[in-house]
Structures are given as C-alpha cells and as structure tokens.
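Labels below follow one simple rule: chain letters A, B, ... track the order of the sequence lines, proteins then strands, and each chain is numbered from 1. For the numbers below, each heavy atom of this structure counts, side chains included, while hydrogens, waters and symmetry mates do not. Note that the coordinates shown come from a computational prediction; the quantities given were computed from them, not determined experimentally.
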Number of protein chains: 2
Amino acid sequence: MSGPETVRRHRRDDVTQVALRILDDHGLADLTMRRLAASLDVQPSALYWHFENKQTLIAELADRIVDAHLAPVDAVSEAGSDWRERTRVEAEALRDALLAYRDGAEVVSSTYALGLGSGRALTRLTDAVSVAGFDEATSRRAGTVLLHFILGHVSHEQQRMQYDSVGVLADGATDPLGQEDQAQAFAFGVGLLVDGLAALSVR
Amino acid sequence: MSGPETVRRHRRDDVTQVALRILDDHGLADLTMRRLAASLDVQPSALYWHFENKQTLIAELADRIVDAHLAPVDAVSEAGSDWRERTRVEAEALRDALLAYRDGAEVVSSTYALGLGSGRALTRLTDAVSVAGFDEATSRRAGTVLLHFILGHVSHEQQRMQYDSVGVLADGATDPLGQEDQAQAFAFGVGLLVDGLAALSVR
DNA sequence: ACCTGAACACCGTTCAAGT
DNA sequence: ACCTGAACACCGTTCAAGT
C-alpha cells in the first residue's frame, strides 16, 4: 500500500541538498564526489546516474544559490523606475545570495566561467541597468562589468573570512577590513559603476 | 676547471621557466607537479626542494606574468599627470600581460585570492588612480574595483578562447564576441569606472 | 529507476636516504 | 645543494552488472 516512491533511494534533488550542506559546512575544496557519495551512503559511481559530471552538479548549486536570494520583489518595485536604485538593490541582493553559502562566489563564478548555469544573475543586473534606456549591447556590457566586480569582490571577501577563522589572527599587520568595511567597499564599487553609467547617459 | 654550477642539476629559476612553458602550451589544468617533474627529468618530490608547495610555485608564475608586461614607461609618462589616461594605460597593460600567457588571468586571480604574490598589479592600478588626488583609502578601493573587473573580464575572455579552439564552433548561436569586441568591451568597463571616479571628484 | 563493485588513470605531499 | 624511491592519502570517471 505504499507508493512507488518508497522504493526509490535518492532523487536528484536529495543529492543537491546534501551537496549544498557539505559546501556550507566544509567548503568547496571538501566537496568531492567521494565525500558526497559517502554522505548519501552510496558508492561514488552512483552519483553519475544523477549528474553527468561534477561541474554539472556545481552548476546546479550555483543556480540554487543565486535564485535563493533574488532581490525581494518589494525592494525592486520600491525602487520603481529609478534605475540607479534598482541596480544597487540587485547588486546587494546578489551579494547577499553569494554570502549565504560558504564559497558561494567561487561556485557561481566558476560556473559562469564555464558557460554553465542559468545566467540569471547576469540577466537580473542587465535588466536593472537597461531601465535607464541604454541600447541592449550597452546594458549587457554594463551588467557584465557589474557581475565581474561582484563575483571578484565577494570571492575575496569569503576568502578573507575563512582565512581569518583559521588563520594568523594575532598578527594584525594586514587586516584593516571588518565586515562593515567590506559592505562599504562593495557599495563604493557599485556606486562607481552606477555613476559611470550616469555619466554615459548624460553625454 | 669548471665552476660549481656544472654540478647543479636545476635552479629554482629553471623550474619556473619550464612551468611557464607548460602553462602556456597546455593550460593551468595540465600544469601538475608530476608533469612538471617529468618535463625536468626529475622525480615529483624533487620539486619540493625548490618550492614549498604548488601554490607558491603558481604565485611565482603570477608575479612573472604581471611583471613581464608592466605598462611601458613611456606610455605612462606620456599620459603625464592625466590620471584618467594613465589609469586606462595601466589597465590595458595589465590586460596585455594576462593575455600573454594561457590562463594568465586565472593564475593571477587565484594567487591574489590566496593573498600570495607581490600584489604589484593592485599597486600599479591604485597609484594611477591616486594621481587624481583621492585619499588613500578611496584610491585603494578604486584600484581593487579595477583589479576585480580586469581579472574577471580577462578570465572570461581566455575561457572563451579555449572554448572556441576546442569547441562547438559550428553552432554560432552564442558567439557574438570577436577579439576586437572583447577589447572594446574591456575599454567600456574601464571607462565606466574612470567616469565614476571622475564624478566622485567633482561632487 | 537507481545502485554496486571494480577498475583506470591520475593527483599533491612527505620523508628517509643517497650523492 | 639537489635528487631518488617509496609510500600515504587521496581524486573524478567509466562501465558491466545487479535489483
């Protein structure tokens, strides 16, 4: 009297969830196919029934990470037709999404580099910019610049976090950046790009 | 009657040279300690006399790549006290440096992320920006934004290059970007940041 | 539909010992 | 000063076969 699901061992989604857990608890370096298999009580080879290869798995994680913290709809609509505010909101939302998982930025940027994943992050940023009325090519380029900055910045930020948690904390010689400063530095970068775009639209 | 050098098998510099060769010919993924050792006719363990570990080796490569194509002095002095032009020159020079070796951007950005390497790239960009007269913190932040953009952009550019050389070239659906377009997109990004900074200095 | 078992072809790193 | 030999503790992926 049990449904067919009773027989199933794992679905693709289970694998993804456990992978996300390992990622967040132990970092990308420790997310190996063998370790993931062990966490699922399964042989490593079993994973290849669910995913073509490791990169495809990671691309799936990247999409989940990005989609989990999309810019809240109300924040976007609150920004209204102010493209500058909306761009800032989207950038912050993406940063928050990446920060929500350990090594989130690296996961997303490696996926993006390989041309895998949904590319939703880029679309979001591009759309926000395009509200200003630039032609498509310009908006896309601006979106790309924003994305590169965001991925680079947050990667570095996350690197710093685990460096600090393990590391040479007593030294103090090089560590002028707290969490608030990081947020400020991020806003500075986004502001720079938004201002640059504004200068473009005036010219 | 031969000097003591005759007895030596390899110096640290030999290892670096051969590593750069492998990097450029076969890419970062194929630059393994075992392969490098084989190219030097040596056991893998021998490399650990010259370098503490693989990342230290790669940091050395990163420094060589960045230093090889520093912005030509004449181009910098030609820009004179125009910080906008000088910043553009430095950005282009760094791009050229990264493009001079296969996977150059990835090598430099992974080194930068780990806090290894000389950090000369960042210094150069920061110095160029600071000519505008910003305070130190602002110049450094601006340099960081530029560096993130440059590393991200060129990484993507190089990824694309080898994707094209191996890849799905017949498709044509997604490949609107030639080399000139990449250079243009790069200049666009740098211009955006420079304009953003200019807006800052006016305010 | 989902997994096992066994293998293939690799990795980076350590360390005692040699010359 | 520079290298060998041997080992340790891993990787991702494939594939025939099982249930």
Roughly how far, to the nearest 0.5 Å, is the CD atom of B:E90 from the CD1 atom of B:I150? 9.5 Å
Given atom CE of B:M33 and atom P of D:dA7, what is their separation to the nearest angstrom? 21 Å
Give a yes or no on whether a salt bridge exists between B:D13 and B:R64, defined as a side-chain N under 4.0 angstrom from a carboxylate O. yes
I need the CZ-P distance between A:R34 and C:dC3, as an integer number of Å. 17 Å
Paired to C:dA17 by Watson-Crick or G-U wobble criteria (both distances under 3.5 Å) is none
B:R21 and B:D25: CA distance, side-chain angles, deciding distance, salt bridge (Lys or Arg N to Asp or Glu O under 4.0 Å) verdict: CA-CA 6 Å; B:R21 196 77 222 275; B:D25 290 347; 3.6 Å; yes
Starting at CD of B:Q43 and ending at P of C:dG18, how long is that distance when rounded to a whole Å? 16 Å
P atom, C:dC2 versus D:dA17: distance in rounded Å? 22 Å
To the nearest 0.5 Å, tell me how far A:F149 CZ sits from B:L193 CG. 9.0 Å
In residues 102-114 of chain A, what residues come within less than 4.0 Å of DNA chain C, judged by heavy atoms? none
More 5' along DNA chain C: B:S45 or B:R35, using each one's nearest nucleotide? B:R35
For C:dA9, give the paired nucleotide (Watson-Crick: N1-N3 plus N6-O4 or O6-N4; G-U: N1-O2 and O6-N3; both under 3.5 Å), or none. none
Intermediate values then yes/no, salt bridge (Lys or Arg N to Asp or Glu O under 4.0 Å), B:E85 and B:R88: CA-CA 5 Å; B:E85 182 57 19; B:R88 281 189 215 104; 3.0 Å; yes
Given atom CG of A:L47 and atom P of C:dC3, what is their separation to the nearest angstrom? 9 Å
Check ion pair A:R35-A:D30 (N to O, under 4.0 angstrom): yes
Just the rounded figure in Å: distance from P of D:dC3 to NE2 of B:H10. 6 Å
Just how far, in rounded Å, is P of D:dT4 from CG of B:L40? 10 Å
Determine whether a donor-acceptor pair (N or O, by modelled atom type, separation under 3.5 Å) exists between the side chain of B:T126 and the backbone of B:L122. yes
Looking at B:Y112, I want to see if its OH is surrounded by more than 12 non-hydrogen atoms of other residues, nucleotides or ligands under 6.0 Å. yes
I want to verify a distance call: between D:dA1, C:dT13, D:dG12, whose nearest atom is closest to the B:W49 side chain? D:dA1
Inspect the contact between A:R11 and A:D14 and indicate whether a charged nitrogen and a carboxylate oxygen are less than 4.0 angstrom apart. yes
Could you work out the separation of D:dT14 and C:dC3 based on their C1' atoms and round it to a whole Å? 15 Å
Go ahead and name the base partner of D:dC3; Watson-Crick or wobble counts if both distances stay under 3.5 Å, otherwise write none. none
Result of checking B:H50, B:Q17, B:E60 against B:R12 for side chain to side chain donor-acceptor pair (under 3.5 Å): B:E60
Separation of D:dA1 atom P from B:D14 atom CG, nearest Å, is 16 Å
Of all of residues 50-65 of chain A, which get a heavy atom below 4.0 angstrom from DNA chain C, listed by number? A:H50
Nucleotide D:dC10, atom P - distance to CG of A:L36 in whole Å: 17 Å
